[in-house]
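Report on the structure given below.
Treat the numbers as computed from the prediction; the structure is a model and nothing was measured. Lettering follows sequence order; numbering is per chain, from 1. Values below: all heavy atoms of this structure, side chains included; hydrogens, waters and symmetry mates excluded.
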Protein chains: 4
Amino acid sequence: MNVQSTVNVGPYIIMEEISEKKRLIFESALDLIRERGFHGAPMSLVAGNAGVAAGTIYHYFKGKDDLIRELYAYNRERVIAIVDKAAGTGATRKERFFNIWNQLYEFYNQNDNVLIFFEQFLNSPYNADKSPNHLRGTLYSFFQEGMEAGEIRQVKPELLIVLTFGSVNSAAKLNLFSQVPLDQSDLRDAVEILWQGIATG
Amino acid sequence: MNVQSTVNVGPYIIMEEISEKKRLIFESALDLIRERGFHGAPMSLVAGNAGVAAGTIYHYFKGKDDLIRELYAYNRERVIAIVDKAAGTGATRKERFFNIWNQLYEFYNQNDNVLIFFEQFLNSPYNADKSPNHLRGTLYSFFQEGMEAGEIRQVKPELLIVLTFGSVNSAAKLNLFSQVPLDQSDLRDAVEILWQGIATG
Amino acid sequence: MNVQSTVNVGPYIIMEEISEKKRLIFESALDLIRERGFHGAPMSLVAGNAGVAAGTIYHYFKGKDDLIRELYAYNRERVIAIVDKAAGTGATRKERFFNIWNQLYEFYNQNDNVLIFFEQFLNSPYNADKSPNHLRGTLYSFFQEGMEAGEIRQVKPELLIVLTFGSVNSAAKLNLFSQVPLDQSDLRDAVEILWQGIATG
Amino acid sequence: MNVQSTVNVGPYIIMEEISEKKRLIFESALDLIRERGFHGAPMSLVAGNAGVAAGTIYHYFKGKDDLIRELYAYNRERVIAIVDKAAGTGATRKERFFNIWNQLYEFYNQNDNVLIFFEQFLNSPYNADKSPNHLRGTLYSFFQEGMEAGEIRQVKPELLIVLTFGSVNSAAKLNLFSQVPLDQSDLRDAVEILWQGIATG
DNA sequence: GATGAATGAGCTTTCATTCAT
DNA sequence: AATGAATGAAAGCTCATTCAT
């Protein structure tokens, strides 16, 4: 099955497999965009680095726009899966929050091409309305329930969501791209700053 | 004196004047990039919307790269000027922090073309090393002095800087581009969350 | 017996059978070319609309050129068959001429895809020398004999042939593609105009 | 003035001048299409044979479609001008008809690229409705007045128009592209056949 | 015979840049 | 300084054709 999407299999949401060719094209595009931006990722190069002919991409995607958008949807699912999994691990809400933050950080840190791609995509005309994403879903419930339990400050959940993603992104970019690498202690600082701000008392 | 740069005049950092034509070109480029991305801002359109001929741009800029980079430098100065000014207003450190955050938010909220441009630029190949910016300067001293005074948590100042900018950006984008507009109360929440996280006791 | 050609079987010229697949491919190509021109009839679409795979066409034709040329040859035979049949029906030469003209008109009127295809083909590089067709054969003899019998004006038979086909085509295209539909009376006008011009006395 | 169109200057309809570059591009396209068809006339070749760069064409035409359509409109005007001029020369209606037919024949005979282009264009998807052209205008009035004067058979004028053009085209193509060249006597035959058919008495 | 994924040459078109005016 | 016609490299994409299955 080539269409990237999700299916419900028992209690878990899993990503359907994507064809090997599609994965190669995704990987190639992701790396090129990270390295050279949308403009520096012509279809010919995406194809070349993926080891396929230029025309082959058009069997899997309607065009460059479609490729970019599917690339985003695919990686968005990866991030959602990380949040979903981390949100289920930990005894306390605080522990679960720390797990979410740390797992996201770890993911971006090891997949800086996704991090860069996301930021390029979200602020580009490909993402027509430039709306932030992930505003619904697990994280929304996580914060809402925390507020109901009196553990989280009464704030619009969407605000908490974007502050969380913003915090992870800022830390990851600082570590990856500046002369200021972050060690474990710095990361604890970063997540504690956020938690202390959003937790009650 | 067309080259955009900064000079120290007594205690103030001021921006040198830029020619009217340059300003028109900047404005045109900023709007086009916001609306259509780098890819949708060809020099001919930048020129057209600025009311000049295509060739004219090349009297002011070496090429498109140069234009983009100068556009960034110019707006970076605007942001620095806002931080510098806000950092000097307020009785307490907390007040000054709130002013900085709010002034930045206000600026991005009223200049979403700058916000979008920044995010596109910083993650693009134009910004070769993708290094976050603003890591030195007024904000650095602001946090450092706060730590020395025991009012700010002992954390790498660069981390505090990116978290601050990240927080402002996240809030501004949420307000501008989502279906979740932020009112004054939400904004107070946002800045308080951050301050509570970085302030001691 | 897939190769399309003609054989003489007794007094009749008959078309050899063509395979069902070939017929489907011909029909598909004819309709696509009529609707979208050569340029809008890619092999993949021809195959798709014929209900076969792209590769299958290459079992029946050497390539697109070959397909087009065979398509022409096939329909040329259909037209020749119509002329041949009509030329044998009618008591007088005039009656037979009217039958030829009317049968041709009827054929084109009911097969506008053939009409359009012919005009596209004959003026295209597929028909390298752009030579008009049907210059020999039944119609040639028909006119020659008419001249010998003193019933037809002494003119180069080829001229009479192209004027006849031109007259039928012009009328059919007027009826099919303009806002000026032709009724039975108009058709009689058309053929009478031609006959009055070529008949003696 | 670059836009090809017509203006009324006193009693004459004249064609506005078109720019030299445009004329070169038209000429190049016409020759290539004649020689190789639409498919064999890529923009790069059209440009090359016109002595301009590929991009230059796009200063004068929106795209290939636009070029083709303007090419048609331009040559259509040339043909209309010929008819208009010839229709005004000659003492009798018959003389004028002969002049129209002969001038048209002469034009196509000397501009076979126009003849071939017309036939390709009219039957192609460029001419979306495939409607025959020239159905109104000078020729329409010519036949209508002839009928009112009792000199021309009572027939739908549009039918007479397409028969006239069809007759000229058939003769020109026979002469140009077959092994049957037409001499002056043949041409007189051709036009007399038509006139005898459409004239009364 | 039949398939359709894969190929890659070649198409139309865009656009940063130049330069004669 | 200012113009904008002209350039031509390079982009996205199509499609006739092949070939492993």
Query raised in the report: Which nucleotide in the list dT17(F), dT3(E), dT17(E) gets nearest to the side chain of Lys64(C)?
Result: dT17(F)

Report summary line: Of dT3(E), dT3(F), dT12(E), the nucleotide closest to the side chain of Thr56(B) is dT3(F)

To the nearest angstrom, how far is [X] atom [atom1] from [N] atom [atom2]?
X: Ile25(C); N: dG1(E); atom1: CD1; atom2: P; value: 11 Å
X: Lys21(B); N: dA2(F); atom1: NZ; atom2: P; value: 4 Å
X: Leu67(A); N: dA11(F); atom1: CG; atom2: P; value: 15 Å
X: Lys22(B); N: dA1(F); atom1: NZ; atom2: P; value: 11 Å
X: Met43(B); N: dA5(F); atom1: CE; atom2: C1'; value: 17 Å
X: Phe61(C); N: dA2(E); atom1: CZ; atom2: P; value: 12 Å
X: Glu20(C); N: dA2(E); atom1: CD; atom2: P; value: 12 Å
X: Tyr60(D); N: dT13(E); atom1: OH; atom2: P; value: 18 Å

Query raised in the report: When you look at Glu27(D) and Asn113(D), which way does the side chain to side chain contact (heavy atoms under 4.5 Å, CB included) test go after all the steps?
Result: CA-CA 9 Å; Glu27(D) 207 62 39; Asn113(D) 50 10; 4.1 Å; yes

Query - Distance-only donor-acceptor test, His59(C) side-chain atoms vs dA2(E) base atoms, 3.5 Å - result: yes

Query raised in the report: Start at the 5' end of DNA chain E and walk down; is the nucleotide closest to Asp65(D) or to Lys62(B) reached first?
Result: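 Nearer the 5' end of the strand: Asp65(D).
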
Query raised in the report: Rounded to the nearest 0.5 Å, how far apart are CG of Leu67(D) and OH of Tyr126(D)?
Result: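 Between Leu67(D) CG and Tyr126(D) OH, I get 8.5 Å after rounding to 0.5 Å.
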
